[in-house]
K.L.:
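Would you mind keeping the following structure in view while I ask a few things?
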Amino acid sequence: MSTASAPSPESRPLLRVRDLKKYFPIKKGVLSRVVGHVKAVDGVDIDILPGETLGLVGESGSGKTTVGRCILRLIEPTEGEVHFDSRGLDAELQGEADSDGYVDVRPLGRKPLRSLRRDMQIIFQDPFASLNPRMTVGAIIGEPLTIHGLASGKEKEERVAHLLQTVGLDPRYAERYPHEFSGGQRQRIGVARALALEPKFIVADEPVSALDVSVQAQVVNLLQDLQERLGLTYLFIAHDLAVVEHISDRVAVMYLGRVVEVAPAKTLAHEPLHPYSIALLSAVPIADPTAPKDRIILKGDIPTPINPPSGCRFRTRCPHAHDRCAAEVPPLEEVRPGHWAACHLIENGQLPDEVLATRRGSGGA
Ligand code: SF4
């Protein structure tokens, strides 16, 4: 099986995802018969190294949010494995580890899963919907501490105050309610809640998409600062490639339930290999009025994941599709060191000249 990223020899992944699938059943009729499946995620492999940020990008409907939620088992995966490094976890979880020292998240029972959730947290997209309007900020941030029996009374108050300071908010805000805050402040409260249990790994699910552009940079900078200070590992899910490139060490591009390219963020920005990544990057605005506007307009909408195209799923929109693309699924392969892509056109790590000419800045297209 190919893996979407090779760990560097000195560092083993904190998280390994193998052949992850999530099919949502489509039910019809009074008997709710299953008449098909929405294949939201259909065979995803990714590794995330400790302390890194892996950006996960794609259009809406690509399955990126479903991947994040399956990893945390906020929704149950249909198939596949999610392995979390057991080093540093509590003794009970270490007892669940395999011979490589990884805990498989999927089969975990309720109690060990709850323990593991201390180390795997999520920041939600919508800072307006994700905070309970009837709870004070202090109660929201302190709730995980109560649920896990980690602190109460004065100690909890002190930890909440410290968490508010950590995310750049006044500790006195603990007495207030979410509606009293701006979008950016609410997202900081969401970050403080995610940090309450001192996790190792955080899924940041479009954490800045609902914010004004002026506030987005503040939250992104906060996440980077916290990563440095606390040694956090992020899966950063977003559709905005510019934000992802800025915050990520590596980026994985998803299309219709599958990863089509993984590369270091700078490599992906300047030397994308998959035609879908090339098209996505061509649409990123550049703050230079003299830069060539060689945007690639993709034909049509993303196809339905109920009945995805045969072979390469991108073929119905790919300007370079040929016969083989309908017949064979292109495997995700390491085409250059640390650079993985799934396209029949790549040979010896190179694209044909006519495809290269469509890259932004190449002067083509
Ligand atoms: Fe396009 Fe074919 Fe490559 Fe898919 S495999 S991206 S359809 S050229």
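Order of listing sets the numbers, starting from 1, for every ligand and every atom in it. The structure displayed is predicted, hence computed values, not measured ones.
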K.L.:
For the pair Glu59 and Tyr276, evaluate side chain to side chain donor-acceptor pair (under 3.5 Å) and give the outcome as yes or no after the intermediate values.
P.N.:
CA-CA 10 Å; Glu59 292 167 281; Tyr276 178 57; 2.9 Å; yes
K.L.:
Using a strict cut-off of 2.8 Å, how many protein N/O/S atoms surround atom 4 (Fe) of ligand 1?
P.N.:
1
K.L.:
Check the pair Glu206 / His239 against side chain to side chain donor-acceptor pair (under 3.5 Å), numbers first and verdict last.
P.N.:
CA-CA 8 Å; Glu206 304 245 18; His239 61 266; 2.9 Å; yes
K.L.:
Go through the steps to decide whether Thr233 and Lys200 satisfy the test side chain to side chain donor-acceptor pair (under 3.5 Å), and finish with yes or no.
P.N.:
CA-CA 6 Å; Thr233 302; Lys200 292 186 171 73; over 6 Å; no
K.L.:
Can you name the closest pair of heavy atoms from Glu261 and Ser277 and give their distance?
P.N.:
OE1-OG, 2.7 Å
K.L.:
Kindly say whether the aromatic ring centers of Phe201 and Tyr234 come within a distance under 6.0 Å.
P.N.:
no
K.L.:
Report whether Leu108 and Val203 are members of the same hydrophobic cluster (ILVMFWY, side-chain heavy atoms less than 4.5 Å apart, transitive linking).
P.N.:
yes
